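We count residues from 1, following the sequence as given. None of the values given here were measured: they were computed from a predicted structure. Order of listing sets the numbers, starting from 1, for every ligand and every atom in it.
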Amino acid sequence: MSNSIISVNNLVKNYGNFQAVKGINFEVFEGEIFGLLGPNGAGKSTTLEIIETLRTKTSGEIFVNGYNIDGQQNEIKKIIGVQLQSSGFYPLLNLVELIQLFCGLYNRNVDALELLELVNLKDKATAQVKQLSGGQKQRFSIATTLINNPKIIFLDEPTTGLDPQARRSLWGLIKNIRAKGTSVILTTHYMDEAEALCDRVAIMDFGKIVAMDSPDKLIDKLVATGFERPKEVKKANLEDVFINLTGHSLRED
Ligand code: ADP
């Protein structure tokens, strides 16, 4: 797992005289789930949107699957999938019709029901997005990232606002997508999610990457400095209680 599929060198983004991204460097390897973490305003969305070709950079070099963002944006667009917020979907179309619409836009032919089955939404094929629960909407928007059979998908806070079962269901889906060979780059504010999903994370703050490694190694490094968490007196937490009482299965369907 050492072939780099995204390579970012010295990326800078200025908005007027404010520097939102201050010369960052990182690589995403083929087949990995890479997390971009950091407080609001750290520069995560700016960075991702530049790689997605949706925003221009001020300076620096970016290669996606070997394509240079300077001059080869169309090639890059063909091999990436970007998650849209569900508010961006045409309200009157059902899920199958929306997938068919995207197929037309991407000039691809995809079996809509097969795709819906992959995200556990086959029985909602004729529903409109507004009739879906939060978790189902997220699963549908992830499905739409897969229509052009991308090598990399970009997920922006894919589980924000979901209940614990729906979050776990999304984690399973994201792992399945990676198991099929797609690289995943995501942002999240949930550290348990980053720990459960990501092979490596970069932590951004004030436009810089302040740490980058596997969650496990980052934790070990902190512990090696003598850091110790206040001892947990209980062997479970409230989320364990919640899951234990309400079960692991999805409710929304
Ligand atoms: P994050 O995704 O980590 O929350 P963003 O990339 O959205 O961070 O924003 C980084 C910084 O750049 C923030 O201070 C934000 O206010 C600023 N910013 C983002 N977009 C613009 C813009 N279009 N014009 C001016 N400043 C912006």
Next on the checklist: When you measure from the side chain of Asp199 to the backbone of Ile33, do you find a donor-acceptor pair of N or O atoms at a distance under 3.5 Å?
Outcome noted: yes
Checklist entry - Which one holds for Arg55 and ligand 1: side chain close, backbone close, both close, or neither close, with close meaning a heavy atom under 4.0 Å? => result side chain
Item to check | Minimum-distance protein heavy atom relative to atom 10 (C) of ligand 1 | outcome: Gly41 O, 3.3 Å
Checklist outcome for this item: among protein heavy atoms, the one nearest atom 8 (O) of ligand 1 is Gly43 N, 3.1 Å
Next on the checklist: Does the plane of the ring in Phe89 sit parallel, tilted or perpendicular to the ring in Phe102? Use 30° and 60° as the thresholds.
Outcome noted: perpendicular
Checklist outcome for this item: atom 27 (C) of ligand 1: of Phe18, Phe206, Tyr15, the nearest heavy atom sits on Tyr15
Next on the checklist: Hydrophobic clustering (ILVMFWY, side-chain heavy atoms < 4.5 Å, transitive) - are Val96 and Tyr90 grouped together?
Outcome noted: yes
Item to check | Atoms of ligand 1 close to Ala42 [distance to a heavy atom under 4.0 angstrom, numbered from 1] | outcome: 1 (P), 3 (O), 8 (O)
Checklist entry - Between Gln165 (side chain) and Gly247 (backbone), is there a donor-acceptor pair under 3.5 Å? => result yes
Item to check | Connected via hydrophobic side-chain network under 4.5 Å: Leu116 and Tyr106 | outcome: yes
Checklist entry - Given the protein's heavy atoms, is any one of them under 4.0 Å from atom 16 (O) of ligand 1? => result no
Next on the checklist: Any atom of ligand 1 sitting under 4.0 Å from a heavy atom of Pro39?
Outcome noted: yes
Checklist entry - Do any N/O atoms on Ser45 end up under 3.5 angstrom from N/O atoms on ligand 1? => result yes
Checklist entry - Is the shortest N/O to N/O distance between Thr46 and ligand 1 below 3.5 Å? => result yes
Checklist entry - Does any N or O atom in Ala20 lie less than 3.5 angstrom from one in ligand 1, N or O only? => result no
Checklist entry - Can you check side-chain hydrogen bond (donor to acceptor under 3.5 Å, both in side chains) on Thr188 and Glu193, steps first, answer last? => result CA-CA 7 Å; Thr188 179; Glu193 177 162 303; 3.1 Å; yes
Item to check | Phe29/Phe34 aromatic ring centres below 6.0 Å | outcome: no
Checklist entry - Just by modelled atom types, is the Thr46 backbone N or O under 3.5 Å from a matching donor or acceptor in the Glu49 side chain? => result no
Next on the checklist: Heavy-atom contact check, 4.0 Å cutoff: does Gly38 meet ligand 1?
Outcome noted: no
Item to check | Atoms in ligand 1 flagged as close to Asn40, the criterion being non-hydrogen separation under 4.0 Å | outcome: 4 (O)
